[in-house]
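Written below as structure tokens is the structure these notes are about.
Throughout, a chain's letter reflects where its sequence line sits, starting with A, and its residues are numbered from 1.
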Amino acid sequence: GAGVSQSPSNKVTEKGKDVELRCDPISGHTALYWYRQSLGQGLEFLIYFQGNSAPDKSGLPSDRFSAERTGGSVSTLTIQRTQQEDSAVYLCASNPGTDTQYFGPGTRLTVL
Amino acid sequence: GQSLEQPSEVTAVEGAIVQINCTYQTSGFYGLSWYQQHDGGAPTFLSYNALDGLEETGRFSSFLSRSDSYGYLLLQELQMKDSASYFCAVRDEGGRRALTFGSGTRLQVQP
């Protein structure tokens with residue numbers, strides 16, 4: 001079946017611009033996560049959605065970062081006034097309530 | 001806070017066995033996972049240990065000792081395609097299931 005999809009696969013933007021990253025989780029997966037991975041590093045948790053509950057935003061690095069999940073499915077991560085340190089691969093994952101996370105291919109964000 | 005320690009790089013030859021260790025310090029603990037990530041690819045799930053002991057899945061095995069806050073991933077009969085980064089990750093909260101990841105171990109398999 002279809003896996004987690006993310007778009008765009010690559011995004012190059014200028015410092016100060018806003019960007020939106022999209023994630024389509026696996027159908028039926030109630031939990032959705034956003035992580036960030038800098039070059040050669042592990043994954044850093046950003047935000048977690050579970051069903052209709054309020055999201056866990058404890059990993060967001062600043063108030064320039066926000067995310068929404070509409071209809072319990074698609075999620076959008078928005079970064080306002082991008083900075084060069086925001087350059088990273090942004091990964092989305094979903095899970096159906098087990099301990100396995102299914103990751104999308106990621107969006108590589110480059111802020112010039 | 002949470003922290004996980006794993007070696008940054010390991011090199012081995014085809015057909016050999018390699019062990020990647022992971023030690024962790026977390027405020028809570030519900031299980032230790034391992035993920036594989038090829039260059040430019042997404043992390044893919046390999047194994048999960050919630051209880052002490054060894055879990056075997058084909059050529060890969062994973063071990064956990066909760067009393068020692070330690071686990072390892074064992075890869076047998078190494079193949080060139082096993083060259084990748086391997087991350088240990090801890091689930092540290094009961095409800096959230098978000099993971100705290102180590103920095104990864106880059107495995108290079110040589111002919």
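Outside the 6.0 Å centre-distance limit, the rings of A:Phe45 and B:Phe101 are not counted as a close aromatic pair.
In terms of hydrophobic clustering, with Ile, Leu, Val, Met, Phe, Trp and Tyr side chains grouped at heavy-atom distances under 4.5 Å, B:Phe45 and A:Tyr33 are assigned to a common cluster. The hydrophobic clustering, which links ILVMFWY residues whose side-chain heavy atoms are closer than 4.5 Å, places A:Phe103 and A:Leu46 apart. B:Val10 and B:Leu78 fall within the same hydrophobic cluster, defined by Ile, Leu, Val, Met, Phe, Trp and Tyr side-chain heavy atoms under 4.5 Å apart, directly or through other members. Neither B:Tyr72 nor B:Val109 shares a network with the other; the hydrophobic side chains, linked directly or stepwise wherever heavy atoms of I, L, V, M, F, W or Y lie under 4.5 Å apart, form separate groups for each. If you chain together hydrophobic residues whose side chains sit under 4.5 Å apart, B:Tyr70 and B:Leu99 never meet in one group.
For A:Tyr102 (side chain) and B:Thr44 (main-chain N/O), no donor-acceptor pair under 3.5 Å exists by modelled atom type. Under the 3.5 Å distance criterion, the side-chain polar atoms of B:Tyr48 are left unmatched by any main-chain donor or acceptor of A:Thr98.
Closest of all the heavy-atom pairs between A:Gln37 and B:Phe87 is NE2-CZ, 3.5 Å.
Heavy atoms of A:Gln6 lying under 4.5 Å from chain B are absent altogether. The part of A:Leu91 that comes within reach of chain B is its side chain, from C-beta onward, which places non-hydrogen atoms under 4.5 angstrom from that chain. Only the side chain of B:Ser33 comes within less than 4.5 Å of a heavy atom in chain A; its backbone stays farther off.
In the displayed structure, B:Arg66 atom CZ is contacted under 6.0 Å by more than 12 heavy atoms of other residues, nucleotides or ligands. Atom CG of B:Asp68 has more than 12 neighbouring heavy atoms from other residues, nucleotides or ligands inside a 6.0 Å radius. Applying the 6.0 Å contact sphere to CD of A:Glu14 captures no more than 12 heavy atoms from other residues, nucleotides or ligands.
Here CG of B:Leu46 is found 10.5 Å from OG1 of A:Thr100. Values are rounded to the nearest 0.5 Å. Between the CG atom of A:Leu43 and the OH atom of B:Tyr35 there is a distance of 9.5 Å, given to the nearest 0.5 Å. For the atom pair OG1 (B:Thr100) and OH (A:Tyr35), the distance works out to 8.0 Å, reported to the nearest 0.5 Å.
The candidate with the highest count of non-hydrogen atom pairs below 4.5 Å against chain A, out of B:Pro43, B:Ala42, B:Gly104, is B:Pro43.
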